[in-house]
Chemist: 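Input: one structure, supplied below.
Note on naming: letters A, B, ... go to the chains in the order of the sequence lines (proteins, then strands), and numbering restarts at 1 for each one. These numbers come from a predicted model, not from an experiment.
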2 protein chains.
Amino acid sequence: MSLREKKIAKKKQDILRSAATVLAEKGFHGTTMEEVAANLLMTKGSMYYYFKNKDDLMFQCHQMVMDLSLDKIQQVVNSDKNPTEKLEQAVKSHILLATSEKSMFLMMDQPNQNFTGEHLEEALQQRKDYAHHFDDILKEGIDTGVFDETIDIRMVRFIILGALNWTLQWYSEDGPQTAEEIADSYAKHLLKMVVKR
Amino acid sequence: MSLREKKIAKKKQDILRSAATVLAEKGFHGTTMEEVAANLLMTKGSMYYYFKNKDDLMFQCHQMVMDLSLDKIQQVVNSDKNPTEKLEQAVKSHILLATSEKSMFLMMDQPNQNFTGEHLEEALQQRKDYAHHFDDILKEGIDTGVFDETIDIRMVRFIILGALNWTLQWYSEDGPQTAEEIADSYAKHLLKMVVKR
DNA sequence: TTATTTTTTGACTAATTGTTTAAAAATATA
DNA sequence: TATATTTTTAAACAATTAGTCAAAAAATAA
């Protein structure tokens, strides 16, 4: 990658981050190209040098955080830890990523408000893929006898993902607990739901 | 309430429901007065006969579902059931209301994208009030010795509410499980997180 | 039927916003 | 330095939308 390509990639990143920030506050339709540009002291016109249009910008924004998330969960699933540790790790990793990249993460919350057509399909599919990794961990836990075999995997997965994503709605850096403490607490409580007793 | 007042109230209701439907799909900024009106075969002009402006319409939309929710949870908290039954009931009632009034319920998800100023403050306050009722149930459970006293009430409340609200993201009437089945399953799994073992 | 009140309409305004474009500025190259 | 290339700008355009309002239509009362 040449210097010039690097510079372009860097600029794209900056634009994507700015877009994510505005998006988290105002939602897709409330986010204007003007505001995204203003954050970076550019004019909205120059953003069209880097992105085809607003949809393109928004979708790449979504891609960025999705890729990050999928990468993390895959690492956990493919590790040689036991199911309990895997679930614990998946929960913690999700919370730490979500809280540190709050604005980007909020994108994933309501894809049907942000995308249409193929972009929507792809976003939904990726969300399914992400969710499926949790199923894998739960199945493994049941098969190896550490998780309660009477749990409903689909329901438990929904409960866990819901709990995790909801952190975005209330977490604040200035809150009484650090992201790490929250992650630990979530992992502890959620595990109680699935481990055999 | 006179007949005329009733008719006006009915029309307002219709408009609010239409607004909620569009809002659930497109978000605050994506919802146009035109579309809300078109759903009811009226023109947008006539909606200004019933509502001051868009903000007013949206906020009353939020009020409608908030009032319903607060009413339900208060009934549960004030009943003479034991804490386990109360939590079970609160969970079930939330899910049944959310799934039957999906579009309206989606409003409450991200108030900061929908409201500003006083409206936002009020919406956030009501959300806190609602959440607080869950704290009350959890406290009562710990005090009476049925819930594990080592749980972190604030965290558990966040986990439960997150799980409940997330149902909106995946629930479909055509899904494999009825709302009742989902409600039962959620209650069962979530209770495992808090009851003493 | 006629008069009065209530409700709806649809055209209009003003503001906003996504996108294009031609020129200017900045940067690299020879 | 002079030329070519890349990047940014500012203005213009077309489309959309919240909100207004006077007049028409519909409903109701007299």
Chemist: Can you measure B:K26 atom NZ to D:dT16 atom C1' for me and round it to whole angstrom units?
Modeler: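 So the two atoms are 13 Å apart, to the nearest Å.
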Chemist: Given atom NE2 of A:H29 and atom C1' of D:dA15, what is their separation to the nearest angstrom?
Modeler: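 Answer to the nearest Å: 15 Å.
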Chemist: Parallel, tilted or perpendicular for B:F59 and B:H119, by the 30°/60° rule?
Modeler: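 Rings of B:F59 and B:H119: parallel, under 30°.
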Chemist: Report which part of the nucleic acid A:K7 touches: base, sugar-phosphate, or nothing (heavy-atom distance under 4.0 Å, all strands).
Modeler: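 If one applies the 4.0 Å heavy-atom cut-off, A:K7 turns out to touch nothing in the nucleic acid.
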Chemist: Does any N or O donor sit under 3.5 Å from an N or O acceptor when you compare the side chain of A:K44 with the base of C:dG18?
Modeler: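 Flag set: donor-acceptor pair detected.
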Chemist: Which one of A:Y171, A:W170, A:W166, A:Y186 satisfies the ring pair (Phe, Tyr, Trp, His ring centres under 6.0 Å) criterion with B:F158?
Modeler: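 Considering A:Y171, A:W170, A:W166, A:Y186, a ring pair (Phe, Tyr, Trp, His ring centres under 6.0 Å) with B:F158 is found only for A:W170.
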Chemist: For A:L40 and D:dT7, what is the distance between atoms CG and C1' respectively, to the nearest whole Å?
Modeler: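 Going from A:L40 (CG) to D:dT7 (C1'), I get 15 Å.
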Chemist: Using a heavy-atom cut-off of 4.0 Å across all strands, would you classify A:Y50 as base, sugar-phosphate, or nothing?
Modeler: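 Result for A:Y50 = sugar-phosphate.
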Chemist: Using only heavy-atom distances, determine whether the side chains of A:N114 and A:Q110 contain a donor-acceptor pair under 3.5 Å.
Modeler: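 The criterion, which ignores hydrogens and geometry beyond distance, is not satisfied for A:Q110 and A:N114.
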Chemist: A:G30 or B:L41: which one's nearest nucleotide on DNA chain C is closer to the 5' end?
Modeler: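 Its nearest nucleotide lies further toward 5', so the answer is B:L41.
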Chemist: From CE of B:M33 over to P of D:dT16, roughly how many Å is that when rounded to an integer?
Modeler: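 So the two atoms are 19 Å apart, to the nearest Å.
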Chemist: Does the plane of the ring in B:H94 sit parallel, tilted or perpendicular to the ring in B:F134? Use 30° and 60° as the thresholds.
Modeler: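 Plane angle over 60°, so perpendicular.
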Chemist: Can you tell me the distance, in whole Å, between the CE atom of A:M47 and the P atom of C:dT21?
Modeler: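 A:M47 atom CE is separated from C:dT21 atom P by 18 Å.
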Chemist: At less than 4.0 Å, is any side-chain N or O atom of B:S46 found next to OP1 or OP2 of C:dT7? Yes or no.
Modeler: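 No, because none of the side-chain N or O atoms of B:S46 sits under 4.0 Å from OP1 or OP2 of C:dT7.
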Chemist: Using whole Å, what does the distance between atom C1' of nucleotide D:dT6 and atom NZ of A:K12 come to?
Modeler: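 It is 15 Å, rounded to the nearest whole Å.
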Chemist: Under 4.0 Å between any heavy atoms, over every strand shown, what does A:T32 touch: base, sugar-phosphate, or nothing? Just pick one.
Modeler: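 Sugar-phosphate, no base atom in range.
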Chemist: NZ of B:K54 versus P of D:dT20: gap in Å, rounded?
Modeler: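 Going from NZ in B:K54 over to P in D:dT20 covers 14 Å.
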Chemist: Please check the phosphate of D:dT9 (OP1 and OP2 only) for any side-chain N or O of A:T43 closer than 4.0 Å.
Modeler: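 Answer yes for this pair, as a side-chain N or O of A:T43 is under 4.0 Å from OP1 or OP2.
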Chemist: Taking the minimum atom-to-atom distance to the side chain of A:M42, which one of D:dT9, C:dT6, D:dT6 wins?
Modeler: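 Nearest to the side chain of A:M42 among the choices is D:dT9.
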Chemist: Rounded to the Å, how far apart are B:D55 CG and D:dT17 P?
Modeler: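 It is 17 Å, rounded to the nearest whole Å.
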Chemist: Tell me whether A:L96 is reachable from A:I73 by hopping between hydrophobic residues (I, L, V, M, F, W, Y) whose side-chain heavy atoms are closer than 4.5 Å.
Modeler: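 In one cluster: no.
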Chemist: Check whether any side-chain nitrogen or oxygen of B:K11 sits under 4.0 Å from OP1 or OP2 of C:dT8, and answer yes or no.
Modeler: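 Yes, such a contact exists.
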Chemist: Taking the side chain of A:I8 as its heavy atoms from C-beta onward, which of D:dT7, C:dT7, C:dT19 lies nearest to it?
Modeler: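 My answer, after comparing the listed nucleotides, is D:dT7.
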Chemist: Below 4.0 angstrom from OP1 or OP2 of C:dT7, is there any side-chain N or O of B:Y49?
Modeler: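 Yes, within the criterion.
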Chemist: Whether A:Y48 contacts C:dT19 is assessed here as follows: a side-chain N or O lying under 4.0 Å from the phosphate OP1 or OP2. Is that the case?
Modeler: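 Affirmative; the distance criterion is met.
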Chemist: Indicate whether OP1 or OP2 belonging to C:dT7 is found under 4.0 Å from a side-chain N or O atom of B:R4.
Modeler: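 For C:dT7, OP1 or OP2 has a side-chain N or O of B:R4 closer than 4.0 Å.
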Chemist: Tell me yes or no: between the side chains of A:N39 and A:E35, is some donor less than 3.5 Å from an acceptor?
Modeler: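 A:N39 vs A:E35: no donor-acceptor pair found between side chains.
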